[in-house]
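Heavy-atom basis, side chains included; hydrogens, waters and symmetry copies ignored. Each ligand, and each atom within it, is numbered from 1 in the order the structure gives.
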Amino acid sequence: MSDIIQLLPDHVANQIAAGEVVQRPSSVVKELLENSIDAKASVIKLIVKEAGKTLVQVVDDGLGMSVTDARLSFERHATSKIKVAEDLFQLNTKGFRGEALASIAAIAHVELKTRQEEDEVGTEIKIEGSEVIAQEVCATPKGTSICVKNLFYNIPARRNFLKSNSVELRHIIDEFHRVAMAHPDIRFEMYHNGSEVFSLPASNYRQRIVHIFGGKTNEKLVPINEETELVTITGFVGKPEFAKRTRGEQFFFVNNRYIKSAYLNHAVNAAFEGLLKDKTHPSYFIYLQVDPKSIDINIHPTKTEIKFDDEHALYAMLRSSIKHSLGQFNVAPVLDFERDTSFDTPYEFKSKSAKPPVIEVDRNFNPFQDKASSVSTSSSGSGNKSFQRFKKEPAGSWENLYVGLESDMSHSSKEEDSFSSVQFETTEVTSKLFDESGEKELDHHITYQLKRKYIVTTIKSGMLIINQSRAHQRVLYEELLKNITMSNAISQQLLFPLKLSYTHQEIALLSNVQEQLQNTGFVFEKLDDGEVEISGIPTNITESEVSFLLDQLLGDLGDEVPDSSFSQTDLLARSVAKSVAIKTGVILETEQQQHLVNSLFACTEPNYTPDNKPIFITMSVDEIDKKF
Ligand code: ADP
Ligand code: MG
């Protein structure tokens, strides 16, 4: 039998290697920016067209290359950065594999122009699919310009795999941010489709962060500084009150290289323990300087994960230095963990306006009690002190004690898991859950709140257990969809316009859904230049909820980029419904419970949340009977 093993031709080997280095346009951006930094540039321009699908160009004023180097730079394993394996342990450059340019040239049309300062003329090289098309002398400024056009032109499967322009552009901007944040002493500019996206002057770390994330960021930053033999830690953490629902602004840099580390992230969270509201994440921009010998950046092809020699010590130092800073800058003591009670007050059920009001006189009405019972889980807040005292004061005699207990129970704040106040209607059994008169009938049913989470009520066939938060999500979702499509939402005018700052990227995401947001009742005075100014908001939310709601929305928009305006509307309604819906843990008064139940069953699809989770379960009398 003849021999069958062959060496792969270079261009095929390069294409295969390219798969590791270049996943999408942003990978090219990262490699080119890093090469410019390694070449000691002081100004770096990034120019992209169509989210990098047609063009990624990086122009720098760095060292440039000689004629021979220019040609060699596209060979695999061609690098000026290491000579022997030992050099790997003394790395001070971004690149060292000598793979990037060879890989990129295998899967795109590449044009390089470069000139060293001392040379009079520069070199121009054109390569397509690893093949040199032209090499000539050219006039060009000192430094290097590399154009990468038509990425994946020869690998249609990869090209088709690319996401929409907005997704790819987001990846590019993320990469640009990471590199720019690690090198504030370099001036960076970015252009997309001919217009400037970022212009970041050379400055310091703090200003660089502020330039990227908007002017309001400055006041949110708490500096950290720690110098030990093992590591120097500098940078900033965001004040706890500005923590966001999305993990957006979390950055670690090791020796000015962006890295991801779940372990170190855990250390930061540990430092913030007890200072954050539920489900929020702190921002951080943390720069670690360590001896290059003590890390191994070789373990990941795109080098965002690294291995530290002494991870545990690093963890401890990071956590304690952040704790120290939070304490020193007096961040911790001024925190107010009280929940805003307006979060918990259910809104008006607009859709129920046709129902004539029923006037009931509650002889036990006590305004203090009323207010307090809408306060959430917290029992030590200043807002409900009078109520607490009223409840806890020992009564003079046992009769009084008993009375107190009774009234507590009627407000369903105690004995929540007791079923004693649930009434079952057992006389009639019908197969239908709700007939035409079902909704009306529910008005007179007794509802009961269980564990501040479920609303229990009776139906003809037995019992219904409704998840309060999910039910409210459904109600809000349908209401929002209707408002958005019919543009008939009412908005409440704010006394003072609300000003919020966002990154350019976030502003772009918000402007995509601006119209839909306006249809829900938002009135925007301004939505550009990193700032949002809002003068009107939907009637069913409060001013203090706005920034949370927009954060959540931005997170959702980022995770799941909608491709049609229909899915955009749907996503928006889902996101807003989720952030505004009453949560588990909120006490609902009887009327509120009944309103919710009625509104739920007035919905087109009361069975499931917009995310397809079941909203209620039923238990028939038969089933209950079987249990006895
Ligand atoms: P690596 O960065 O791992 O060395 P690359 O394929 O990215 O490998 O680059 C190969 C070589 O080309 C580099 O080592 C460097 O000498 C040269 N080079 C690449 N880009 C530039 C640039 N912008 N300015 C000067 N030299 C460059
Ligand atoms: Mg490189």
Sub-4.0 Å atoms of ligand 1 with respect to non-hydrogen atoms of [X]:
X: Glu99; result: 6 (O), 8 (O)
X: Ala100; result: 6 (O), 7 (O)
X: Ser73; result: 10 (C), 12 (O)

Ligand 1 N/O within reach of [X] N/O, cut-off under 3.5 Å:
X: Gly64; answer: no
X: Ala102; answer: no
X: Glu31; answer: no

**Prompt:** Any chance NZ of Lys499 has more than 12 other-residue heavy atoms, nucleotides or ligands included, within less than 6.0 Å?
**Reply:** no
**Request:** May I ask you to check if Arg159 and Phe152 form a cation-pi contact, with NZ or CZ under 6.0 angstrom from the six-membered ring centre and within 45° of the axis?
**Result:** no
**Message:** Ignoring hydrogens, what is the shortest heavy-atom contact between Ile224 and Phe236? Give both atom names and the distance.
**Reply:** CG1-N, 3.9 Å
**Prompt:** How far apart are the closest heavy atoms of Pro240 and Phe272, and which atoms are they?
**Reply:** CG-CE2, 3.9 Å
**Asked** ring-ring contact (aromatic ring centres under 6.0 Å, His included) with Phe213: which residues, sequence neighbours excluded?
**Response** His177, Phe251, Phe285
**Request:** Answer whether the closest heavy-atom distance between the side chains of Glu117 and Leu63 falls below 4.5 Å.
**Result:** no
**Request:** Indicate if the distance from the Mg ion (ligand 2) to the nearest N, O or S atom of Asn35 falls below 2.8 Å.
**Result:** yes
**Item:** Step-by-step ring pair (Phe, Tyr, Trp, His ring centres under 6.0 Å) determination, Tyr258 to Phe252
**Value:** CA-CA 6 Å; Tyr258 169 81; Phe252 283 119; 8.8 Å; no
**Message:** Please determine whether side-chain hydrogen bond (donor to acceptor under 3.5 Å, both in side chains) holds for the pair Asp119 and Ser66, giving the CA-CA distance in whole Å, both sets of side-chain angles, and the decisive distance to 0.1 Å.
**Reply:** CA-CA 8 Å; Asp119 295 341; Ser66 69; over 6 Å; no
Just going by heavy-atom distances, which of [options] is nearest to [atom]?
atom: atom 14 (O) of ligand 1; options: Ser66, Ala70, Ser80; value: Ser80
atom: atom 24 (N) of ligand 1; options: Thr144, Asn35, Leu112, Leu33; value: Thr144
atom: atom 21 (C) of ligand 1; options: Glu34, Met65, Lys40; value: Met65
atom: atom 10 (C) of ligand 1; options: Ser36, Ala78, Gly62; value: Ala78

**Item:** Region of Asp60 that comes within reach of ligand 1 [heavy atoms, distance under 4.0 Å]
**Value:** side chain
**Asked** Applying a 4.0 Å heavy-atom criterion (strictly less than), which segment of Ala39 is in contact with ligand 1: side chain, backbone, both, or neither?
**Response** side chain
**Prompt:** What pairs with Lys244 under salt bridge (charged side-chain N to carboxylate O under 4.0 Å, His left out), at least two apart in sequence or on another chain?
**Reply:** Glu249, Glu506
